[in-house]
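Structure, as structure tokens:
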Amino acid sequence: MAGRKSKYSSENSKTKMDKVWSVALYIRLSQEDSDNGEEKSESNSITSQKALLNEFIEEHDDLIIYDIYVDDGYTGTDFNRPGFQKLLEDMRNGNINCVIVKDLSRLGRNYIEVGNYIEQIFPLFNIRFIAINDNIDSFKNPTSTNTILVPFKNLINDEYCRDTSIKIRSALNGRKKRRRICWSICSLWIYKRPRR
């Protein structure tokens, strides 16, 4: 049984060795770290993502950073994020030809949209896509974007977002209910308190 053919162009090995990549490092975190109330310019997760991506760049001579795009405090379910929109603009203008993320969930948590970028949009613009922790590299290993694991991981990332949303709503509803009960008890105590 034949596997799916990659939409990324296959080039000879000499081209693979000679090509220099203009890289967009993309970093996203859906909620800022509270860090016990300390006010910071960026969250700890953003800082650690930057460190991981810079370490990866240092290990590869063919990768040159064009820019770092950060969306700190933006949900992964919506792709209308300022940093990501700037990345797309630079991609359309031909300023970048490689996008690197920590993992697929940093690109986004919308199963359909992430799949669309990986399988349609990035190949259309000849963008090399690398997700470090998921071992995805569309140029060095074009089949890494076509394995069953990629849509499966995207589906898990999407479901994680839904599950978190349900848990948050449940917690908020529980707090509201406890406040109503507390208010009712306080009102009853005030009403029944003996008057002097």
Side-chain angles (χ1 to χ4, degrees), residues 1-13 15-30 46 49 52-53 56-57 60 62-165:
M1 185 166 133
R4 283 176 49 189
K5 186 177 178 189
S6 174
K7 293 182 181 178
Y8 290 92
S9 61
S10 299
E11 300 179 28
N12 64 32
S13 58
T15 306
K16 283 186 181 183
M17 301 309 266
D18 295 343
K19 186 152 181 136
V20 175
W21 299 93
S22 178
V23 177
L25 299 180
Y26 182 69
I27 300 167
R28 182 193 63 79
L29 182 66
S30 60
I46 295 294
Q49 284 181 60
L52 176 79
L53 296 175
F56 183 82
I57 292 288
H60 297 84
D62 59 337
L63 302 175
I64 298 171
I65 298 173
Y66 176 78
D67 203 354
I68 300 174
Y69 306 83
V70 179
D71 283 321
D72 195 353
Y74 287 87
T75 179
T77 58
D78 180 12
F79 279 80
N80 193 20
R81 307 181 293 253
F84 191 74
Q85 291 304 311
K86 175 86 170 82
L87 182 148
L88 292 179
E89 183 183 324
D90 286 340
M91 180 182 80
R92 284 188 287 269
N93 292 335
N95 297 329
I96 59 171
N97 60 3
C98 180
V99 174
I100 302 178
V101 295
K102 176 187 170 193
D103 57 46
L104 289 170
S105 69
R106 298 304 93 202
L107 181 62
R109 289 190 182 275
N110 182 315
Y111 166 71
I112 294 171
E113 286 295 316
V114 172
N116 187 40
Y117 278 101
I118 293 172
E119 293 186 16
Q120 301 294 324
I121 297 171
F122 289 158
L124 180 68
F125 286 91
N126 293 317
I127 300 294
R128 177 182 182 183
F129 176 70
I130 301 172
I132 298 170
N133 288 347
D134 291 322
N135 294 319
I136 295 172
D137 187 334
S138 65
F139 185 74
K140 287 190 176 176
N141 185 9
T143 58
S144 65
T145 60
N146 292 329
T147 67
I148 189 68
L149 290 177
V150 173
F152 187 66
K153 285 179 181 181
N154 287 333
L155 193 58
I156 289 172
N157 291 333
D158 194 331
E159 189 56 35
Y160 173 81
C161 217
R162 272 195 206 82
D163 186 49
T164 302
S165 178

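What you are looking at is a predicted structure, and each value in this text was computed from that prediction instead of being measured.
Counting heavy atoms from C-beta outward, C98 and I130 have side chains that approach closer than 4.5 Å. Contact annotation: the side chain of I57 approaches that of L25 to within less than 4.5 Å [non-hydrogen atoms, C-beta and beyond]. Inter-residue side-chain proximity for L63 and R128 is flagged as met; some heavy-atom pair is nearer than 4.5 Å. Between P82 and D71, the closest side-chain pair of non-hydrogen atoms falls below 4.5 Å. When side chains are defined from C-beta on, M91 counts as touching I96, because their heavy atoms get closer than 4.5 Å. Between I136 and I118 there is no side-chain heavy-atom pair separated by less than 4.5 Å. Residues L53 and Y26 have side chains not in contact (no heavy-atom distance under 4.5 Å, counting atoms from C-beta outward).
Note that CG of D62 is 5.5 Å distant from NZ of K140, once rounded to the nearest 0.5 Å. Interatomic distance, L88 CG to N93 CG, rounded to the nearest 0.5 Å: 11.0 Å. Note that the CZ atom of R109 and the CG atom of D78 stand 14.5 Å from one another [nearest 0.5 Å]. Atom NE2 of H60 sits about 8.0 Å away from atom CD1 of I100, to the nearest 0.5 Å. We find the CD1-CG distance between I27 and D72 to be 9.5 Å, quoted to the nearest 0.5 Å.
If you look at F84 and Y69, their ring centroids are not closer than 6.0 Å. Between Y117 and F79, the distance separating the two ring centers is shorter than 6.0 angstrom.
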Going through the distances and angles, do Q49 and R28 end up as a side-chain contact (heavy atoms from CB on, under 4.5 Å)? CA-CA 9 Å; Q49 284 181 60; R28 182 193 63 79; 5.5 Å; no
Should F139 and N126 be marked as a side-chain contact (heavy atoms from CB on, under 4.5 Å) after you check the CA-CA gap, both sets of side-chain angles, and the distance that decides it? CA-CA 10 Å; F139 185 74; N126 293 317; over 6 Å; no
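For the pair L104 and D134, the tightest heavy-atom approach, listed with the atom from each and the gap, is N-OD2, 2.8 Å. Residues S144 and S138 share a closest heavy-atom pair of OG-N, 4.3 Å.
For the 3.5 Å distance criterion, the side chains of N97 and Y66 fail to qualify, holding no donor opposite an acceptor.
A donor-acceptor pair is defined here as one N or O able to donate and one able to accept, closer than 3.5 Å; such a pair exists between the side chain of D103 and the backbone of R106.
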